[in-house]
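Right, one structure below, let's go through it.
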Amino acid sequence: MIIIEIIIKAKNLCKSYSCEGVQNHVLRNIDLEIHKGVFTVIMGSSGSGKSTLLYNLSGMDLPTSGQVSFGGRRIDNIKEKELAIFRRSEVGFVFQQIHLVSNLSIYENITVPGYLLKRYPRKEIEKRAMALLESIGIKELKTRLPSQVSGGQQQRAAIGRALINEPNLLFADEPTGALNSKVGREILNILTEVNKSGQSILMVTHDVKAAVRADRIIFLHDGQIEGEINLEKYMPDSELSREKQVLSWLTSKGW
Ligand SMILES: Nc1ncnc2c1ncn2[C@@H]1O[C@H](COP(=O)(O)OP(=O)(O)O)[C@@H](O)[C@H]1O
Ligand SMILES: [Mg+2]
């Protein structure tokens, strides 16, 4: 029997924004579980609420109503200071717009979250950073500033930074959205490898090429979950048939 370990459980999650007295219901009664070890993707068209969902599941934002538990602990009703500590220790986040610190080197960008959390001694953090630089293929760029490397290399560094504290879950919001398709593919290869080594991932995308990397795809439409599909583990030689399978499923969902 396979035991499924739950990382996130969202119940009745709602998020709305009010603008000049008008309520915009962006997330509507989301019930969702995210499982350990799994590469989960949330797909949906632009404006369907994907980023908002990611922010509410990762403690970067708070829901209007409903519950979010992360590792069995409620994060929808805790104080901002506790939430900040939670994020630093449990969550890794990769953004479309990368957001490295411009006056820190690639190496420093990766190590600083480790120094801030202080889970491990400095020596251990430095060792981990070097191993990450090696595995994500940017070891020789470690002393450069973000502006001195390419967009794809910056995104590699951002993945290293997100992984330095061994997060329970790696969140990625359209991580290939600002990259060309070749470089995007390299980033997806890294995420696939990171997942194979056991890291749980929750990624948002509206790109089928990115979505096919997932074990599980959840379809979001107008702030509601419209269905999901479970796939075999990704293998490069199955990519084309996978794309077909996912596209035909998406089409049936009104993609
Ligand atoms: N901070 C905010 N204030 C007001 N409206 C917002 C805010 N963030 C998102 N929205 C609205 O929520 C909807 C979904 O946005 P978003 O989650 O960014 O969608 P996606 O990531 O799927 O493109 C959009 O209509 C957007 O305008
Ligand atoms: Mg978005």
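One-based numbering, in listed order, for ligands and for the atoms of each. Any value given below was found using the heavy atoms of this structure, including those in side chains, with hydrogens, waters and symmetry copies removed. Because the structure is a prediction, the values reported are computed rather than measured.
Residue contacts with ligand 1 for V26 involve side-chain atoms from C-beta outward but no N, CA, C or O (heavy atoms, distance under 4.0 Å). At a 4.0 Å heavy-atom cut-off, ligand 1 does not touch C19 at all.
Protein N/O/S atoms found under 2.8 Å from the Mg ion (ligand 2): S51 OG.
Closest protein heavy atom to atom 16 (P) of ligand 1: T52 OG1, 3.6 Å. Scanning the protein for heavy atoms near atom 5 (N) of ligand 1, the closest one is Y17 CD1, 3.4 Å. Atom 26 (C) of ligand 1 has N24 ND2, 4.8 Å as its closest protein atom, hydrogens excluded (heavy atom only). With hydrogens left out, the protein atom closest to atom 19 (O) of ligand 1 is G49 N, 3.3 Å, a heavy atom.
The backbone N or O of P146 sits less than 3.5 Å from a side-chain atom of Q154, completing a donor-acceptor pair. Between the side chain of N195 and the backbone N or O of L191, no donor-acceptor pair lies under 3.5 Å.
Of the N and O atoms on the side chains of E174 and H206, at least one donor lies less than 3.5 Å from an acceptor on the other residue.
For S200, the side chain to side chain contact (heavy atoms under 4.5 Å, CB included) partners are I7, K36, L169, not counting sequence neighbours. Residues satisfying the side chain to side chain contact (heavy atoms under 4.5 Å, CB included) test with N165, not counting sequence neighbours, are P113, L117, R119.
Close approach of ligand 1 to S45 (heavy-atom distance below 4.0 Å) involves ligand atoms 22 (O).
Residues L53 and V94 are members of separate hydrophobic clusters, defined by side-chain heavy-atom contacts under 4.5 angstrom among Ile, Leu, Val, Met, Phe, Trp and Tyr.
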Let me have the donor-acceptor pairs involving side chains of residues 16-23, under 3.5 Å, with sequence neighbours excluded, atom names and distances please.
| from | atom 1 | to | atom 2 | distance (Å) |
| --- | --- | --- | --- | --- |
| S16 | OG | Q23 | OE1 | 3.4 |

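When the options S18, S51, G47, G44 are ranked by their closest heavy atom to atom 24 (C) of ligand 1, first place goes to G47.
For G223, the closest heavy-atom approach to ligand 1 does not fall below 4.0 Å.
In this structure, K139 places its NZ atom where only 12 or fewer heavy-atom neighbours from other residues, nucleotides or ligands lie under 6.0 Å away.
Ring orientation note: the planes of F95 and H99 are nearly perpendicular, at an angle over 60° on the 30°/60° scale. In this structure, F93 and Y55 have tilted ring planes: the angle between them lies in the 30° to 60° band.
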